Each structure stands twice: as C-alpha cells, then as structure tokens.
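First comes the structure, then the notes that go with it.
Being a predicted model, the structure only gives us computed values, none of them experimental. Labels below follow one simple rule: chain letters A, B, ... track the order of the sequence lines, proteins then strands, and each chain is numbered from 1.
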Number of protein chains: 2
Amino acid sequence: MAVTIIDVAREANVSPSTVSRVIADHPRISEKTKKKVREVMESMHYYPNFQARNLAARTTQTIGVVMANSATLAFQNPFFPEVIRGISTTAHACKLGLYLSTGGTEEEIFQEVVAMVQGRKVDGIILLYSRLDDKTLNYLREMQFPFTIVGRPYAFEDQVDFVDNDNKKIAQDVVEYLFGLGHREIAFIGGDLEFVVSSDRLEGYRAALESHALKYQEQYFIHDFAFEQDGKEAIRQLMTQQSPPTALVAHDDSVAYEIIRYLEQLEIRVPEDVSIISFNNHALSEHVKPPLTSVDINIFELGLKATELLLERIKQPEREATHQYVDTTLIVRNSCQSLNTR
Amino acid sequence: MAVTIIDVAREANVSPSTVSRVIADHPRISEKTKKKVREVMESMHYYPNFQARNLAARTTQTIGVVMANSATLAFQNPFFPEVIRGISTTAHACKLGLYLSTGGTEEEIFQEVVAMVQGRKVDGIILLYSRLDDKTLNYLREMQFPFTIVGRPYAFEDQVDFVDNDNKKIAQDVVEYLFGLGHREIAFIGGDLEFVVSSDRLEGYRAALESHALKYQEQYFIHDFAFEQDGKEAIRQLMTQQSPPTALVAHDDSVAYEIIRYLEQLEIRVPEDVSIISFNNHALSEHVKPPLTSVDINIFELGLKATELLLERIKQPEREATHQYVDTTLIVRNSCQSLNTR
DNA sequence: CTGAAAGCGCTTACAG
DNA sequence: CTGAAAGCGCTTACAG
C-alpha cells in the first residue's frame with residue numbers, strides 16, 4: 001500500500017490534522033513544523049490521494065470538457081485541438097484537471113454530463129458547442145451547475161456565461177468586404193443550422209445583403225445537408241444557374257477547400273471566375289491553392305477565456321452572467337478578386 | 001445536500017450494504033429487494049457519488065490520456081481529434097472516463113503523470129507519443145503502472161504494450177512506390193528525430209534506398225529543424241543542387257502542403273517537375289492541389305486498439321507485453337508522376 | 001499553533 | 001440473501 005497521511009504523521013510525531021494542514025500550506029502552522037513534516041513527506045515519498053482529499057473537501061479540482069458528438073467533431077477538426085490547448089493553458093496554471101466527454105450521440109453526451117454533475121466528477125463544465133434547444137444545456141441551467149459555453153447560447157443569453165466570436169458581425173464584415181470588391185451576387189454555403197454559430201453567420205450574411213438593399217435569395221444559399229449529400233452537384237447547380245454568384249462565402253475553410261476542388265472540376269477558376277472567402281482560418285489555408293482568404297476566429301483565446309469565466313463562476317456561483325466576445329481578424333490572401341478594376 | 005446511499009437505505013428499509021449491492025447488481029441480492037431499492041433510488045433521484053465509490057473500491061474508472069507538449073500538438077493537428085475519437089469509442093463502451101494531460105512542457109507533463117499515478121486519478125495511461133528516452137515512460141515502467149503507447153517505444157519493446165503502424169515498412173513501401181515509378185533521386189523531409197515515429201520512417205527510407213544499392217545522401221535529407229527555421233530556403237537549396245531529387249517524401253501531409261507552396265514559388269511544378277508523397281493522409285489531402293498521394297495510417301484504429309490493450313493490461317497486470325501493428329493504406333492521388341513513360 | 005473526533009459517501013470481507 | 005462494522009485517505013470545525 002501507498003504511504004498515507006497517517007504514516008507521515010506517526011513518523012513526524014504530529015497528528016494527521018497537522019500533516020493535512022501542511023499539505024494545504026495552512027498559515028497557522030509554524031514554519032518549523034512545516035519544515036519537519038515536509039522532510040518526512042519527502043523521505044517517505046508521500047503523495048496525497050486526490051480521491052480522498054476531494055471526497056473530504058467536496059471538490060474535484062477538475063473541469064469537464066464536453067464536445068459535440070464525434071460526427072461534428074471530425075468536421076471541425078482543427079477547432080478541437082486548438083480550443084483544448086487554450087483550455088489546458090488556463091487549467092494547468094490553476095492546477096485543474098480536464099475530464100473529457102466520450103459520448104458519440106446527443107443522448108450519450110447528456111447522460112455523461114449528468115454523471116459528471118451528479119457523480120461529483122467535476123467542479124464545472126465547458127460546453128464546446130451551442131446547439132438549438134440543447135437538452136444538456138437546459139439540464140445544466142436547471143441544476144444551477146457552473147458551466148460556460150464556447151459559443152452563444154440559443155436562449156437565456158443573459159443568464160449563461162459564454163465566450164464567442166461575434167459571428168453575425170464577422171459574417172457581415174465578410175460580405176462587406178466582398179461588396180467592397182464589387183461583388184453583388186454573393187452565395188452562402190452554410191453550416192448545420194442546429195448550431196448557433198451557423199445560424200448567426202447566416203443571419204449576418206442576410207443582414208449585410210439587406211443593408212445594401214440586396215435581397216436574400218434561396219438559390220444563393222446551400223444548406224449543409226445538401227452540400228454533404230452531394231457537394232459537387234450542389235455547386236454545379238449553384239454555378240450554372242441564370243446569374244451565377246461572383247463570390248462564395250463558406251462557413252468553414254474545409255468546406256471552402258472542397259468547393260474549390262469542385263469548381264476546378266467544373267473548370268471554374270478561383271479567384272478569376274469566382275471569389276471565395278471563408279471562416280476559421282485553418283493552419284493549412286495559407287498553403288492551399290489559391291491561398292484562402294479567411295476569418296481567423298482565435299480559437300485558442302476562445303478556450304482560454306471560457307476556462308477563465310468558468311473558474312470565476314465556480315468561485316462566485318451567484319455572480320451575474322458574463323459574456324465575452326473574442327476578436328477576429330480577416331486574413332486576406334488570394335482567393336478573392338476585385339471586380340472594380342475590371 | 002444530495003441524497004446518499006443511507007437515505008435510500010432508510011427509505012427502502014434495508015441496510016446501506018444492500019443498497020450498495022443493488023447498485024453493483026450483485027447476484028446474491030433477491031430480485032424483489034433489487035426492485036424495491038431501485039424504485040426508491042428512482043423516486044429519490046439518487047445518484048452514486050463516484051469519488052466515494054472509487055475511494056472505497058480503490059479504482060477510478062478513468063484512464064489518463066497524455067499528449068506530447070502543445071507545440072508538437074499544434075503540429076500534428078488532425079492526429080489528436082482522431083485518436084481521441086478512437087480512444088473515446090472504447091472508453092465510452094466500457095463506461096470509462098477520460099482524463100487529459102494539460103502540461104505544456106516535458107517536465108510539466110511528467111509531473112502531471114506522477115500526479116495521475118500517485119494521486120490515484122486514473123487506472124491506466126495512454127501515451128500519445130513515443131520519444132527517445134522519455135522520462136515519463138521510464139517512470140511508468142518503473143512504477144509498473146498500467147500504460148500503453150500509441151507509437152513504438154524507443155526501448156524495452158518486449159516489456160511495454162504498444163500500438164503502432166509499421167513505420168519502417170511504410171516508409172520503405174513509399175520509397176518502393178517511387179522507385180517503381182522510375183525515381184532514383186529521392187529526398188526525405190523528416191520529422192523531429194526525438195520521436196520514434198520519425199526515426200523509424202527515416203530508417204525505412206534508408207533501408208529502401210540500400211536495398212536498391214542506392215546510397216543515402218546527406219544532401220537529400222532535410223532535418224525538421226532546418227525546415228522549420230526556413231523551409232523555403234531549405235527547399236530552394238535542395239532543388240537547386242547539382243542533381244536535384246525527382247521525388248520528395250515528406251513526413252507529414254501538412255509539411256507536404258508547405259513544400260508544395262515553396263516549390264510553386266520556385267516555379268517547380270508538382271508532379272510534372274518533382275513528385276511528392278507523404279504520410280498521415282489528412283482529411284484535406286484530397287482537396288489540395290495537386291491532390292496528395294499519402295499513406296493513411298488509420299489513426300482512429302490506433303486509438304481504439306491502444307485503449308483495448310490498456311484495458312486488458314489493467315485487468316491482468318501480469319500478462320505479457322503485447323504489440324499491435326495497425327494496417328495502413330497508400331492512397332494514390334495525383335502528386336506523383338511516373339518517369340517510366342517519359 | 002496543534003490535536004481528537006467526526007465526517008465525506010461509498011465498498012466489502014465477515015458473519016449469520 | 002442481508003446486515004453491522006470497519007475502512008478507503010483525507011479535511012475541518014471545535015476546542016484548547
């Protein structure tokens with residue numbers, strides 16, 4: 001068996017309480033005692049048992065990280081490691097552990113979250129996605145369990161802590177940018193509207209069009225499911241209609257890459273024949289052909305801030321809900337062409 | 001306070017022991033009692049406290065996942081989510097939790113692993129990397145703590161459980177493939193040789209050359225650090241020497257993308273002027289230009305198998321060490337050209 | 001500044 | 001088939 005606090009206490013001629021207090025660096029223990037106990041701990045290779053400590057102290061020192069189901073995960077590939085890196089940075093600095101959800105379906109994930117909360121596995125939870133009317137989120141709200149979202153909640157915005165980009169605004173900005181280049185026929189290849197990030201971006205797109213008295217047009221919008229089912233055909237239809245778009249907005253770089261390939265097969269050149277712009281600025285976007293103009297959404301920061309908010313919430317359960325919007329940067333590369341100079 | 005096993009016991013008119021046994025679905029409890037207790041648990045919304053259960057049962061029902069430091073992580077971007085997906089699949093099926101390392105440096109990671117082991121945070125550990133003479137690995141070995149590596153250990157191969165691709169072989173195969181296409185001047189842009197995966201692939205490359213009585217040549221090898229410092233210059237030098245290579249082997253697709261961009265700047269066409277082949281088959285490799293010929297290493301399976309091995313090890317600490325090699329597939333796309341038909 | 005005692009919420013031989 | 005008791009390894013009022 002491993003050496004316990006009792007073994008140390010006996011060896012150091014103090015009580016277990018004292019050893020415990022030395023571990024916690026309690027101020028009311030004399031330096032002399034601390035020194036002695038620490039020496040004994042060292043020589044006996046004592047190491048505290050977290051489970052016991054946490055059970056007694058009613059804490060876990062770990063936070064739960066809940067990702068959307070794996071299908072979506074695969075999709076948002078580069079998002080995940082980067083947001084984890086942000087979360088880890090804060091977590092590690094505060095000596096907090098990370099507990100990861102493993103569920104593959106919405107229901108499994110929900111059950112896991114219940115287990116985390118009720119089973120006292122974590123002190124708080126970070127939701128890595130925001131879905132319309134999400135069971136998990138509602139549960140967390142009802143339980144008043146500390147949690148933060150990376151993304152904007154679909155509702156109760158003022159009652160929930162979250163970190164997000166201003167997705168409406170960046171979608172608007174992107175359209176404005178294209179508008180500035182002279183584009184008027186701008187199509188949007190959207191993400192799954194179940195996710196708030198997707199609906200926000202779509203909304204920004206529409207708002208930008210309307211602000212220029214351009215109408216939102218059905219035939220300029222491709223749903224995620226249509227694209228996933230047969231992306232090539234969707235793009236073909238889009239580009240062969242009466243007045244095809246001169247610019248495309250894709251909801252994610254990986255989608256943009258795919259579109260570019262289909263366009264190529266259709267012998268439509270980017271950016272000469274059609275411009276393309278996208279979101280999320282994957283690491284590879286500077287290396288593809290043509291280098292992709294994309295919005296950097298600062299994923300690392302998203303993870304970092306979400307963790308900070310969560311820690312504050314854990315410390316002060318009663319504080320008011322806080323939001324934070326993380327800055328984005330439009331990275332202009334070579335996938336968009338100006339029509340003005342024509 | 002939450003409802004405990006004692007509350008349930010009182011309400012159901014049984015002892016706490018019995019409630020505990022009902023939770024564990026102990027065979028010696030009568031169906032009648034089980035039914036009654038379960039009804040009470042239901043109606044009282046009882047949920048077991050994992051910390052207490054684990055403390056008493058001396059288990060954790062969670063496995064630790066340790067990644068190499070963040071710098072490397074960023075590099076191997078798509079690897080991480082995919083291997084986690086594989087690990088999650090097995091873990092979730094066995095109702096095991098995942099505890100993630102958060103450290104940014106080797107030393108931090110080591111300390112975390114010590115905390116996981118000594119602090120009884122996990123029942124076993126999966127190392128997501130294999131490094132030369134790794135302190136963490138050595139510690140785990142010495143402690144005889146259950147662990148598995150995704151990758152081949154640098155030593156003690158027959159004493160450690162691991163899952164890997166046969167990296168020597170796939171590097172050989174890749175060179176053979178190029179050889180079959182008529183290439184004789186084949187360069188290698190390698191990874192960090194601190195990692196076994198990189199040195200294995202380099203070794204395979206050399207072995208393949210030698211099997212064709214071709215000599216390994218310094219000027220056909222670019223070190224990871226040289227490439228990272230100034231990739232463009234490294235490629236320029238490589239391609240402007242006396243007899244430049246006709247084919248390049250890159251240790252990872254993301255490196256291949258970068259190389260392709262530099263080649264383009266040098267006005268060297270792929271595959272017309274030089275062929276390029278790579279490992280890991282990122283999701284994007286079919287979408288880049290030219291679509292990249294790459295070796296699919298089946299990352300999902302790597303994670304899945306590693307977890308299975310770990311679980312077996314946890315069950316039978318004394319069993320013999322096992323290895324498993326996961327199959328790979330050469331995905332031929334359009335980045336290599338045959339010289340034979342010229 | 002330090003200790004004795006109770007308690008965190010479970011599990012598991014042992015006994016019947 | 002079920003219960004009483006000890007124990008997992010800590011923490012933390014309370015008392016001095």
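- Under the 6.0 Å distance and 45° angle rule, A:R141 counts as a cation-pi partner of A:F156.
- Here A:S15 reaches the OP1 or OP2 of C:dG3: one of its side-chain N or O atoms lies under 4.0 Å away.
- Going from atom CG of A:N13 over to atom P of C:dT2 covers 13 Å, rounded to whole Å.
- A donor-acceptor contact under 3.5 Å is not formed by the side chain of A:R58 with the base of C:dG9.
- Remark: C1' of D:dT12 and CZ of A:R21 are 7 Å apart, rounded to the nearest angstrom.
- The interatomic distance linking B:R120 (CZ) with C:dC10 (P) rounds to 22 Å, in whole Å.
- Using a 4.0 Å heavy-atom distance criterion, A:T4 is classed as a sugar-phosphate-only contact.
- Put simply, NE2 on A:H26 is 12 Å from P on D:dT11, counting in whole angstrom units.
- Taking a pair as Watson-Crick or G-U wobble with both distances under 3.5 Å, DNA chain C forms stems of 3 or more consecutive pairs at C:1-3 with D:14-16, C:5-12 with D:5-12, C:14-16 with D:1-3.
- As rounded to whole Å, 15 Å separates atom P of D:dT2 from atom CD1 of B:I5.
- Of all nucleotides listed (C:dT2, D:dC10, C:dG3), C:dT2 comes nearest to the side chain of A:S30.
- When the C1' atom is used for both C:dG16 and C:dT12, the distance is 16 Å, rounded to whole Å.
- For the pair A:K121 and A:Y99, the cation does not sit on the ring face, since its NZ or CZ is not both under 6.0 Å from the ring centre and inside 45° of the axis.
- One interatomic measurement links the two molecules: CD1 of A:I29 to P of D:dT12, which rounds to 13 Å at whole-angstrom precision.
- For D:dG3, the OP1/OP2 oxygens have a side-chain nitrogen or oxygen of B:T18 closer than 4.0 Å.
- The number of heavy-atom neighbours closer than 6.0 Å to CD of A:Q144, taken from other residues, nucleotides and ligands shown, is 12 or below.
- Side-chain atoms of B:E107 and B:Q111 form a donor-acceptor pair, as typed in the model, at a separation below 3.5 Å.
- Rounded to a whole Å, the CD atom of B:Q61 is 16 Å from the C1' atom of D:dC8.
- For residues 32-57 of chain A, proximity to DNA chain C is found at A:T33, A:L55, A:A56, defined as any non-hydrogen atom under 4.0 angstrom from a strand atom.
- The side chain of B:S20 contributes an N or O atom lying less than 4.0 Å from OP1 or OP2 of C:dT11.
- B:Q118 has its CD atom 12 Å from the P atom of D:dC10, to the nearest Å.
- Taking 4.0 Å as the cut-off between side-chain N and carboxylate O, A:R131 and A:D192 do not count as a salt-bridged pair.
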*asked:* Go through it in stages, so that I can follow the logic: the residues are A:K35 and A:E39, the test is salt bridge (charged side-chain N to carboxylate O under 4.0 Å, His left out), and I'd like the CA-CA distance, side-chain angles, deciding distance and then a yes or no.
replied: CA-CA 6 Å; A:K35 184 155 176 283; A:E39 279 168 13; 3.4 Å; yes
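- Checking A:D133 against A:Y154 by side-chain atom types alone, a donor-acceptor pair falls below 3.5 Å.
- In terms of modelled atom types and a separation under 3.5 Å, the side chain of B:E108 and the main chain of B:G104 share a donor-acceptor contact.
- Of the possible polar contacts, one joining the A:D123 side chain to the A:T60 backbone as a donor-acceptor pair under 3.5 Å is found.
- Note that the CG atom of A:L98 and the CD atom of B:E112 stand 9.0 Å from one another [nearest 0.5 Å].
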